[in-house]
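Here the structure is laid out as structure tokens; the discussion comes afterwards.
Predicted model, so just to flag it, every value in this text is computed and none were measured. Whatever order the structure lists ligands and atoms in, that order sets their numbers, starting from 1. For this chain, numbers begin at 1 and follow the sequence in order.
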Amino acid sequence: MSFTNKTVVITGGAKGIGAGCANVFYQDGANVAILDVDDKTGPEFVKKLGDRALFVKCDISNEKEVQDAVEKIYGHFGSIHYLVNNAGILKYFSVTNTSVEDWDAVMNVNLKGAFLCTKHCIPHMQKNNDGVVVNMSSVQAFVAQTNVAAYIATKSALIGLTRSIAVDYAPNIRSVAICPGGVDTPMNRDAFRESPNPEVVRKETENLHLNGRMATEEEIGELVAFVCSEKGAFINGQPIRIDGGLGIKVGGSKKE
Ligand SMILES: NC(=O)c1ccc[n+]([C@@H]2O[C@H](COP(=O)([O-])OP(=O)(O)OC[C@H]3O[C@@H](n4cnc5c(N)ncnc54)[C@H](O)[C@@H]3O)[C@@H](O)[C@H]2O)c1
């Protein structure tokens, strides 16, 4: 895939899946702009990527910051073709244990952040008559882990937002939701570390996947790059699961 002279904006690209996406797009020739609140890891990462990478500190839940960041990227690269709404946070609570503050925090980053970045990037895509908005949903839009109510609500809503963007901006701008299973990222590694037995929980998580492991960040990045490329041009308005077969097994039979 060649993304020469194309610009991708990746939210939450300082680490994890966003960084995996940034690596793939950069290797395929794109200009890569990363929006992230992490102004320690983000600048170090873009320095490692090279000259066609830009870090802009931005809290995607704040419209003014998003507006300024998008203008800065457009001023720097002169175009925006792809937006990967990837930044997300997870809080471990059931509905009855979720405070309004935690609910709002998850909604504001995972859903409002995607809305705001889409709102301010699409006008630039319209200037190219060409663009793709990728929303990082989750396999949890289809199968639910316990005690992550707000997170699951946002990941399901992102699939609706994807359809809405697809129908409103067709035919030149497409939108696709990506639904990963477990990915070996700081988000998961932090969760394992906080559990009483990190190695056991990691193994249990790996074994939920028919592949017996979690995905790498770059495996998700490769799919995101494919759907943005010409090769993925007929994929529109859909959620795509990339989950190592998580959740499809209903049990074993007695006979071989
Ligand atoms: N890791 C998984 O197993 C998995 C599975 C399915 C979906 N996802 C989704 O993929 C996305 C990335 O997950 P990850 O595991 O790489 O997470 P991560 O925590 O490893 O990285 C997330 C990045 O987002 C940034 N971020 C957080 N809040 C932000 C904000 N308000 N503004 C800008 N940046 C912000 C963080 O600083 C960080 O760099 C999330 O939307 C997550 O829900 C992850």
Using heavy atoms and a 4.0 Å limit, tell me yes or no: is [X] in contact with ligand 1?
X    : value
G181 : yes
S137 : yes
K155 : yes

Can you tell me the protein heavy atom closest to [atom] and the distance?
atom                    : result
atom 11 (C) of ligand 1 : N86 O, 3.0 Å
atom 2 (C) of ligand 1  : N188 ND2, 3.4 Å
atom 17 (O) of ligand 1 : M187 CB, 3.5 Å
atom 23 (C) of ligand 1 : G12 O, 3.6 Å
atom 29 (C) of ligand 1 : V37 CG2, 3.8 Å
atom 16 (O) of ligand 1 : I17 N, 2.8 Å
atom 6 (C) of ligand 1  : P180 O, 3.3 Å
atom 22 (C) of ligand 1 : G88 O, 4.2 Å

For [X], atoms of ligand 1 separated by under 4.0 Å from a heavy atom:
X    : answer
C58  : 32 (N), 33 (C)
K15  : 37 (O), 38 (C), 39 (O)
G182 : 3 (O)
V183 : 1 (N), 2 (C), 3 (O)
M136 : 9 (C), 10 (O), 11 (C)

Testing the 3.5 Å rule here: is there a donor-acceptor pair between the side chains of N188 and T185? no
Can you see whether N135 engages S137 through a side-chain donor-acceptor pair at a distance of less than 3.5 angstrom?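 No, S137 and N135 have no side-chain donor paired with an acceptor closer than 3.5 Å.
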Establish, yes or no, whether the cationic atom of R52 lies under 6.0 Å from the six-membered ring centre of Y26 and within 45° of the ring axis.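 Yes, R52 and Y26 form such a contact.
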Row check, F77 ring normal vs K72 NZ/CZ: under 6.0 Å, within 45°: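 Not flagged: K72 not positioned over aromatic ring of F77.
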Pairs touching residues 196-252 that satisfy ring-ring contact (aromatic ring centres under 6.0 Å, His included), sequence neighbours left out: none
Any side-chain heavy-atom pair of Y82 and I10 under 4.5 Å: no
I want to check something: taking the side chain as every heavy atom from C-beta on, are N31 and K6 in contact at a cut-off of under 4.5 Å?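 The answer is no, as the side chains (C-beta and beyond) never meet within the 4.5 Å cut-off.
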Is the shortest distance from a Lys or Arg side-chain nitrogen in [X] or [Y] to a carboxylate oxygen in the other one below 4.0 Å?
X    : Y    : value
K40  : E44  : yes
E65  : K57  : no
E206 : R202 : yes

I'd like to check the side chain to side chain contact (heavy atoms under 4.5 Å, CB included) partners of K112; sequence neighbours left out, ordered by chain and number. N108, F115, L116
Does any N/O atom on [X] come nearer than 3.5 Å to any N/O atom on ligand 1?
X   : value
G16 : no
A14 : no
S61 : no

At a non-hydrogen distance cut-off of under 4.0 Å, which region of D36 contacts ligand 1 (side chain, backbone, both, or neither)?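 Both backbone and side chain of D36 come within 4.0 Å of ligand 1.
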Contact summary for I220 and A215, nearest pair of heavy atoms: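 In terms of heavy atoms, the two residues are closest at CD1-CB, 4.0 Å.
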